[in-house]
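Structure record follows, encoded as structure tokens.
Atoms considered below: every heavy atom in the structure, side chains included; atoms not considered: hydrogens, waters and symmetry mates. Since we're looking at a predicted model, the values are computed, not measured. First listed ligand is number 1; within each ligand, the first listed atom is number 1.
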Amino acid sequence: MSTAIESEPTFVDKFPDEARVVRAAFMSSFFALLLGAIFGIIQTLHRTDVARIIPSTDYYTVLTAHGVFMVISFTIFFLVGLFTWALTRSLDRPLLNIKITWTWYGLMAAGMTLTGISILAGFVDSIDMSADVLYTFYAPLQAHPLFYAGLTVFIVGTWIAGADWFRTFLAWRREHPDERIPLQTFMVLTTMTMWYIASSAVAASVLLFLLPWSLGFIDQVNPTLTRTLFWFFGHPVVYFWLMPAYMLWYTVLPKIAGGRLFSDPLARVVFVLFVLLSTPVGIHHQYLDPGIAEGFKFISMTNTMFLLLPSLLTAFTVVASVEYGARKNGGTGLLGWLTNLPWRKPEFTGMMLAGLMFAAGGFSGMVNAGMNINYLIHNTLWVPGHFHLTVGTAVALTMMAGTYWIWPQISNKPIFSSQIGLFQVVLWFIGMALMSNAMHAQGLLGVPRRTAEPEYSGFDYPTMFGGFEELNIQIAIGGTLLFVSTVLFLGNLVLTMGNPTVSGLAEPLPSPVSGAEDAPQVLDNLRLWVGIALTLVVLAYALPIAAIINRGGLLGPGVGT
Ligand code: HAS
Ligand code: CU
């Protein structure tokens with residue numbers, strides 16, 4: 001009895017209503033992960049010709065389901081859960097109105113259900129509905145209106161979530177006029193600022209063009225325009241996935257390592273740089289689009305190279321913070337300190353392996369970003385290799401590892417098995433090392449992405465070893481390990497939910513070595529950053545979009561012209 005009173009309260013003890021929302025968001029996220037994983041394994045085995053349980057005509061339905069459930073549903077539901085936790089925790093005050101919080105969660109869940117139904121209906125021949133447009137849903141591919149309507153509702157849900165957090169922050173600001181914005185709240189607010197700017201373009205694309213076109217109100221659209229609006233959103237969305245992982249690396253990982261964050265000001269600089277630079281780079285996905293002049297592509301490339309900076313700063317700060325923890329715990333030597341880290345904890349090892357993989361993913365991103373080398377790898381399997389390291393590992397593995405740490409905080413239930421957790425995160429690492437390396441290599445051999453039958457044997461690379469077939473086997477084995485790892489993660493979590501509640505699980509986060517007081521005030525001036533960010537967006541996009549509309553018309557060139 002007395003220990004329960006003496007021990008520090010966990011998040012759920014302090015904020016039971018918010019904790020319920022966080023758990024609901026995480027469960028939606030993990031349900032999507034399960035669906036995404038099932039389609040993932042079907043697809044890996046199909047493409048590599050190991051097992052074909054679906055007809056190749058269903059391949060794009062599988063690919064769309066895998067992509068949408070993984071990168072729109074799994075990642076973003078996790079984000080809203082994590083941000084709700086982080087904002088409430090770091091402001092140390094409840095959200096303004098929990099009914100509003102449940103409303104945005106409900107909208108997101110309803111929207112994603114509609115979109116999911118429209119995709120899955122593609123498997124049922126008797127239903128005249130399909131949405132095989134892939135997760136990059138631009139024209140000329142067209143989906144059933146339900147797909148776009150569901151996504152719209154989902155995105156509106158995220159907008160209300162952002163408003164909920166901003167309003168709660170403003171209420172806190174009135175109570176604490178002179179305090180610095182707490183770091184986690186700063187991360188939430190800057191990420192949402194970026195999200196509002198980015199998602200405005202996809203909302204325009206869906207509401208002005210794709211939805212009316214799919215409903216039959218307009219006959220045609222300008223594909224280059226919808227592609228450009230998509231990528232205006234499509235690049236920053238990758239940082240929307242990444243920022244929850246960065247939040248965990250900056251604010252939780254140093255604590256697990258036994259130390260403290262090295263520098264709060266540097267973390268703020270990083271998030272501000274993402275607000276400024278995430279959006280005016282989207283054209284780096286369109287280097288091969290004929291409808292955009294080279295000069296605009298060059299500007300996008302230059303901005304992209306600047307955008308490497310915040311991630312390189314992150315590599316430095318996060319590793320320095322982990323090293324600080326290791327040295328505090330007796331670590332010595334140039335690399336000897338690495339042995340003084342809690343490698344047995346899945347939350348630690350998972351995040352570190354995710355970071356290590358991200359270094360490789362960042363390098364393949366640099367290759368993508370170079371205008372001339374991009375021509376070599378664009379539309380090849382290299383690109384899925386790249387994004388399975390970034391979103392598929394840096395983000396996904398960090399989210400799983402983070403769950404091992406955060407779930408006890410939001411439920412008062414200890415993790416069922418840390419050993420299974422450790423095995424699971426290592427399995428993910430091995431599976432992804434095999435799969436993504438082979439994907440990169442096949443990409444360099446010229447194997448295309450997004451095709452059900454990439455059979456190259458008998459052509460240029462017929463050899464079993466050191467060639468296409470061997471790489472295929474690596475992809476199949478890697479993909480299978482990833483599936484097993486996901487099942488272990490979810491199983492462990494379900495068993496955790498069955499654990500009895502206990503007390504004493506609180507893990508308060510320590511303050512950074514160099515704290516907010518060292519950060520220049522200007523960093524917290526969100527209005528200034530929004531102003532500069534919008535200016536950069538206008539500079540990068542006004543002329544290309546004007547040229548696209550000028551040449552192709554708002555709704556395409558029109559029949560006969
Ligand atoms: Fe990307 C395509 C360029 C980052 C996701 N990217 C994609 C696609 C996706 C995606 C999904 O320029 C495919 C879209 C489609 O379907 O067509 N990407 C970049 C660049 C970066 C980058 C320059 N991408 C990401 C992130 C993603 C993501 C992050 C998801 C979360 N990407 C491109 C380009 C294309 C592209 C072109 C188009 C390709 C084409 O032609 O289609 C940079 O942001 C990367 C910066 C990262 C680093 C690494 C820093 C290292 C760190 C590790 C720290 C270590 C720790 C642990 C913590 C510079 C931070 C240490 C451990 C120890 C044991 C010591
Ligand atoms: Cu990009």
Side-chain angles (χ1 to χ4, degrees), residues 63 67 70-72 75 79 134-138 198 227 230-246 248-250 253-254 257 270 273-274 277-289 297 300-323 326 335 337-338 341 343 348-371 373-399 401 429 443 449-450:
L63 192 52
M70 284 304 201
V71 301
I72 300 184
T75 50
L79 177 146
L134 308 178
Y135 76 106
T136 51
F137 43 89
Y138 41 68
R227 269 173 76 86
F230 180 86
W231 287 121
F232 178 115
F233 151 88
H235 187 78
V237 78
V238 311
Y239 297 120
F240 197 54
W241 306 328
L242 186 67
M243 289 311 103
Y246 272 21
L248 288 167
W249 292 359
Y250 275 106
L253 182 62
V270 165
L273 284 172
F274 280 119
L277 290 171
S278 289
T279 316
V281 299
I283 291 176
H284 71 213
H285 292 264
Q286 298 177 280
Y287 287 146
L288 268 130
D289 280 24
K297 295 176 180 169
S300 177
M301 173 172 73
T302 313
N303 288 345
T304 307
M305 295 304 171
F306 279 116
L307 186 50
L308 294 173
L309 189 67
S311 288
L312 293 169
L313 287 175
T314 300
F316 166 76
T317 323
V318 171
V319 175
S321 310
V322 169
E323 181 182 348
L335 291 175
W337 56 269
L338 280 168
L341 289 167
W343 294 107
F348 178 77
T349 301
M351 286 193 215
M352 288 297 272
L353 294 178
L356 198 61
M357 281 287 203
F358 189 50
F363 294 138
S364 79
M366 292 177 200
V367 171
N368 298 348
M371 250 170 98
I373 5 183
N374 180 273
Y375 299 164
L376 183 70
I377 52 82
H378 185 65
N379 277 341
T380 72
L381 205 57
W382 168 285
V383 176
H386 161 70
F387 67 68
H388 280 85
L389 289 176
T390 51
V391 65
T393 303
V395 174
L397 186 54
T398 301
M399 288 179 173
F429 179 79
R449 65 184 288 201
R450 294 181 159 171

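Inter-residue side-chain proximity for V270 and T317 is flagged as unmet; no heavy-atom pair is nearer than 4.5 Å.
In terms of protein heavy atoms, atom 49 (C) of ligand 1 is closest to F358 O, 3.7 Å. Annotation: atom 2 (C) of ligand 1 to nearest protein heavy atom, H285 CE1, 3.4 Å. Looking only at protein heavy atoms, the nearest one to atom 61 (C) of ligand 1 is V319 CG2, 3.8 Å. The shortest contact between atom 40 (C) of ligand 1 and any protein heavy atom is with H378 ND1, 3.2 Å. At the shortest separation from atom 65 (C) of ligand 1 among protein heavy atoms lies M352 CE, 4.4 Å. Atom 56 (C) of ligand 1 has its closest protein heavy atom at G355 CA, 3.5 Å. At the top of the distance list for atom 45 (C) of ligand 1, counting protein heavy atoms only, stands G362 CA, 3.7 Å. Closest protein heavy atom to atom 50 (C) of ligand 1: S311 O, 3.7 Å.
To the nearest 0.5 angstrom, R227 atom CZ is 4.0 Å from D289 atom CG. Atom OG1 of T314 sits about 8.0 Å away from atom CG of L242, to the nearest 0.5 Å. Note that OG1 of T136 and CZ of R450 are 3.5 Å apart. Values are rounded to the nearest 0.5 Å. The structure places OH of Y287 at 9.5 Å from NZ of K297, a figure rounded to the nearest 0.5 Å.
Ligand 1 has no nitrogen or oxygen under 3.5 angstrom from a nitrogen or oxygen of T304. Among the atoms of Y135, some N or O lies under 3.5 angstrom from an N or O of ligand 1. Checked by distance only, ligand 1 and Y239 come closer than 3.5 Å through their nitrogen or oxygen atoms. Considering backbone and side-chain N/O atoms, R449 comes within less than 3.5 Å of an N/O atom of ligand 1.
When atom types are taken as modelled, the side chain of N374 and the backbone of N368 share a donor-acceptor pair closer than 3.5 angstrom. Put simply, the side chain of S311 never gets that close to the backbone of L308: no donor and acceptor are under 3.5 Å apart. Distance alone, capped at 3.5 Å, places no donor-acceptor pair between the T398 side chain and the M351 backbone. One N or O on the side chain of T390 and one on the backbone of H386 form a donor-acceptor pair closer than 3.5 Å.
Close contacts of ligand 1 with L242, meaning ligand atoms under 4.0 Å from a residue heavy atom, involve 29 (C). Those atoms of ligand 1 that come under 4.0 Å of a heavy atom in V318, given as number and element, are 58 (C). The distance from ligand 1 to the heavy atoms of A369 drops below 4.0 Å at these ligand atoms: 12 (O), 37 (C). Less than 4.0 angstrom separates some heavy atom of M366 from each of these atoms of ligand 1: 59 (C). Near N374, with a cut-off below 4.0 Å to any heavy atom, the atoms of ligand 1 are 39 (C), 40 (C), 41 (O). Applying the 4.0 Å criterion to heavy atoms of H284 picks out, from ligand 1, the atoms 12 (O), 33 (C), 34 (C), 37 (C), 38 (C). Which parts of ligand 1 touch A315 is read off a 4.0 Å heavy-atom cut-off, strictly below it: atoms 51 (C), 52 (C), 54 (C), 60 (C). The distance from ligand 1 to the heavy atoms of V391 drops below 4.0 Å at these ligand atoms: 30 (C), 31 (C).
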Could you walk me through whether F137 and F230 pass the ring pair (Phe, Tyr, Trp, His ring centres under 6.0 Å) check?
CA-CA 8 Å; F137 43 89; F230 180 86; 5.2 Å; yes

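Below 30°, between 30° and 60°, or above 60°: for F274 and Y239 the angle between ring planes is between 30° and 60°, a tilted geometry. Below 30°, between 30° and 60°, or above 60°: for F358 and Y246 the angle between ring planes is above 60°, a perpendicular geometry.
Nearest heavy atom pair, residue V281 against residue H235, reads CG2-CD2, 3.2 Å. Residues G282 and S300 come closest through the heavy atom pair N-OG, 4.3 Å. Closest heavy-atom contact between L389 and T393: O-CB, 3.4 Å. Heavy atoms only, all atoms of each residue included: V319 and W337 are closest at CG1-CH2, 4.3 Å.
Residue contact check for ligand 1: W231 places a non-hydrogen atom closer than 4.0 Å to it.
Here the angle at the Cu ion (ligand 2) defined by NE2 in H284 and ND1 in H235 stands at 100°, rounded to 10 degrees.
For a distance threshold of 2.8 Å, the protein N, O or S atoms nearer than that to atom 1 (Fe) of ligand 1, listed by chain and number, are H386 NE2.
Contacts of W231 classified as side chain to side chain donor-acceptor pair (under 3.5 Å), with partners at least two apart in sequence or in another chain: none.
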